[in-house]
Protein chains: 2
Amino acid sequence: MNKRSVPSIRLVAERAGVSVATVSNVLNNKPNVSPDFASRVHLAVRELGYVVSRAASQMRSERHRLAGVVVPDLTNPMFASFVSTLEHVARLDGFDLIVVSARNNAEEERARLDDLRAWRPAGLIVIPCDGALTDRLPQGLGGPVVVADRIPDDHAFDLIAVNNGSAAASIAAHLSEQGFADCLVLGTSLGITNVRERWDGFRAAAGPMRAELIEVGIDDDARFQLLEERLRGPNPPRALFALDHQTSIAAYRLLGEVGLSIPHDIAFASFDEMEWMRLVSPPITAVRQPVEEMAQAAWRHLVRRLEEDRAEERKRDRKQIRRLRCAIEIRGSTLPRCRTSRRSETA
Amino acid sequence: MNKRSVPSIRLVAERAGVSVATVSNVLNNKPNVSPDFASRVHLAVRELGYVVSRAASQMRSERHRLAGVVVPDLTNPMFASFVSTLEHVARLDGFDLIVVSARNNAEEERARLDDLRAWRPAGLIVIPCDGALTDRLPQGLGGPVVVADRIPDDHAFDLIAVNNGSAAASIAAHLSEQGFADCLVLGTSLGITNVRERWDGFRAAAGPMRAELIEVGIDDDARFQLLEERLRGPNPPRALFALDHQTSIAAYRLLGEVGLSIPHDIAFASFDEMEWMRLVSPPITAVRQPVEEMAQAAWRHLVRRLEEDRAEERKRDRKQIRRLRCAIEIRGSTLPRCRTSRRSETA
DNA sequence: GTGAAAGCGCTAACAC
DNA sequence: GTGTTAGCGCTTTCAC
């Protein structure tokens, strides 16, 4: 009884009066095990509190149930929700997940991806920091990679993302329909594909409404200053549309500081919905991304790839892309005339 | 080149023209390796893109750097932040983390704790679902367990928690000082030690202010109805103090529905601070828990226990408890007379 | 059906 | 300093 007295398969075998092979067969639901032997093994397992060691089992067998997950930031509620859902569905398939956060840093992402190899994961699900994931992916990860949410610059990966363009277009159509003459759109950077798609979709559907963009960057005070000047200036926009959660928070706070009231002075809408947007008064019109659906789709996709690999099907050359629809939550922040709330979906 | 052509230590050894033992020694920074051999190994490692397999290495060596983390719910921003910090500091010590969520379900927590044994983690950090963690902890986890945030019913664990009583007392003192005649306190259940400590601390420091408690439960509509009746009734309280984040959100929304304005009709304060509390108008007075500090303290504690174990020091019989101070953010929601914001800390 | 034995990739003891 | 070797706990042939 060495090593903290954690029982091994040998101990189980001795106690059950069978060989280790039989114990292994029973525990892995192999056929050709007599009921008598099986129950003896199960009894011994229960008595000893035995659990198969993943380390040992994964080392020996080809298909081990372990997958890696990389997200840009665990403290972002959207990614936390993504991981939480992923963990749940993965467990249903008997998979364990090793989860790492890149802490919004491309270099750290590279390091984490590198470290992940030590686990020899069967596959990977990644929400990358930016579009240049390919440059950061180490050699020899040796398994399928599914990218979610953020869109890589190249087409080197299977991808699950949302339909940014049509969701942003819905907001544009709504604002236009409400009679707003112009709208200022706030995005971190057009260098991010998601932001670009949203801006393009918005502009295309703006109709007679004038659309203007400010790239505020990420935590870039200087650029954010531009927005403040614009809001305090002589001709502030009639509507504001922030293209991601981080920017929404910053913009919403700024509106309060500047003293513009929603929706009387200015309408406000957000891409990305968070709980507080329903709590404030008036509640905020927002695009709600199907995060959980995205996680489930990503997982199913990874599992399918794993099965293809096992079946030696070599259709791996063609990467698949799937786009999910967002929900549009119309609320008081974009309804100058009435305060009732409506709900619809993008086409 | 078997198995997806992931290189093994043997391949590295061949390429470097040394033995596997030397490769292992180099990679584990063992002394007694000549610089010449070391550099040859490093070169081969780089050329092959070799990474040590954790599975194989942990199986052979006694002290492997892997710890388990269990939280009640990853989508709760506080726990997400806890995990994120933990992951960061653990990595600095060369540890990987296997993270699981109990999804707010004690039975699932038990199952996840059981599954965790398969990893043979060196130690565990747990934020338990409720006080009865001891009943759910399987035998043979074989390593130190550090509990954080939620306080177990027994004293069977090392514990890192916050000073609930004095933080709640600070809020009571503040409200009393502001001249509120009475305050309604909202907690899920006094069965939860954290809630009980907060309520006790509040009551003890209420002074002349009348303090009343409603246990609203978790997602218990019937009990929440009591609160609504109380608010709509003839003598609504002058102040409201919600003892956790979930309850805060529900109560804040209810205040809006009932039509009581903050702080004119009623003051509002929350135990647990979230980002939106700074965004709403007026911003909300809140107790901010030192989540990151808690994660760091928990990690340091676990590492210390691991070292003690290795040194065979047997002071394990005495469990240690550490309480951290919360910050009190005084904001407009509890300042009927003026709107300026202040900040202080609990004693 | 069952068990003996090989071997996964690695570390630790020990021989040189 | 370096290499040889045993063996960690398990799965997987392959005899029987």
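Below, chains carry the letters A, B, ... as their sequence lines are ordered, and counting in each starts from 1. Atoms considered below: every heavy atom in the structure, side chains included; atoms not considered: hydrogens, waters and symmetry mates.
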Taking for A:Ala21 and for A:Asn32 the nucleotide of DNA chain C with the nearest heavy atom, the one nearer the 5' end belongs to A:Asn32
Judged by nearest nucleotide, the residue sitting upstream toward the 5' end of DNA chain D, B:Val18 or B:Arg120, is B:Val18
Closest-nucleotide ordering on DNA chain D, the 5'-leading residue of B:Ser19 and A:Lys30: B:Ser19
Does C:dC10 have OP1 or OP2 under 4.0 Å away from a side-chain N or O of B:Ser61? no
Establish, with yes or no, whether the OP1 or OP2 oxygen of C:dA12 is under 4.0 angstrom from a side-chain nitrogen or oxygen of B:Ser24. no
Donor-acceptor pair, A:Arg103 side chain versus A:Asp73 backbone, under 3.5 Å? no
Looking at A:Met78, is its backbone amide N or carbonyl O close enough to the side chain of A:Asn76 to form a donor-acceptor pair, meaning the two atoms are under 3.5 Å apart? yes
Figure out the [atom1]/[atom2] separation between [X] and [N], and round it to whole Å.
X        : N      : atom1 : atom2 : answer
A:Trp119 : C:dG9  : CH2   : P     : 18 Å
A:Phe37  : C:dT2  : CZ    : C1'   : 7 Å
A:Leu66  : C:dC8  : CG    : P     : 21 Å
A:Arg10  : D:dG9  : CZ    : P     : 7 Å
A:Asn28  : D:dT13 : CG    : P     : 13 Å
B:Met59  : D:dC8  : CE    : P     : 9 Å
A:Asn29  : D:dT11 : CG    : C1'   : 14 Å
B:Ile9   : D:dG3  : CD1   : P     : 12 Å

Do A:Arg60 and D:dG9 have a side chain to base donor-acceptor pair shorter than 3.5 Å? no
Check every strand shown and say whether [X] touches a base, only sugar-phosphate, or nothing at a heavy-atom separation below 4.0 Å.
X       : result
A:Arg54 : nothing
B:Thr22 : sugar-phosphate
B:Asn25 : nothing

Using every non-hydrogen atom in the two residues, find where A:Pro152 and A:Leu159 come nearest and quote the distance to one decimal. CD-CD1, 4.0 Å
I want to verify a distance call: between C:dG1, D:dG1, D:dG9, whose nearest atom is closest to the A:Ser34 side chain? C:dG1
Starting at CZ of B:Arg54, measure out to CZ of A:Arg120 and round the result to the nearest 0.5 Å. 11.0 Å
Stepwise side chain to side chain contact (heavy atoms under 4.5 Å, CB included) check, A:Phe157 with A:Thr134: CA-CA 9 Å; A:Phe157 306 96; A:Thr134 304; 3.3 Å; yes
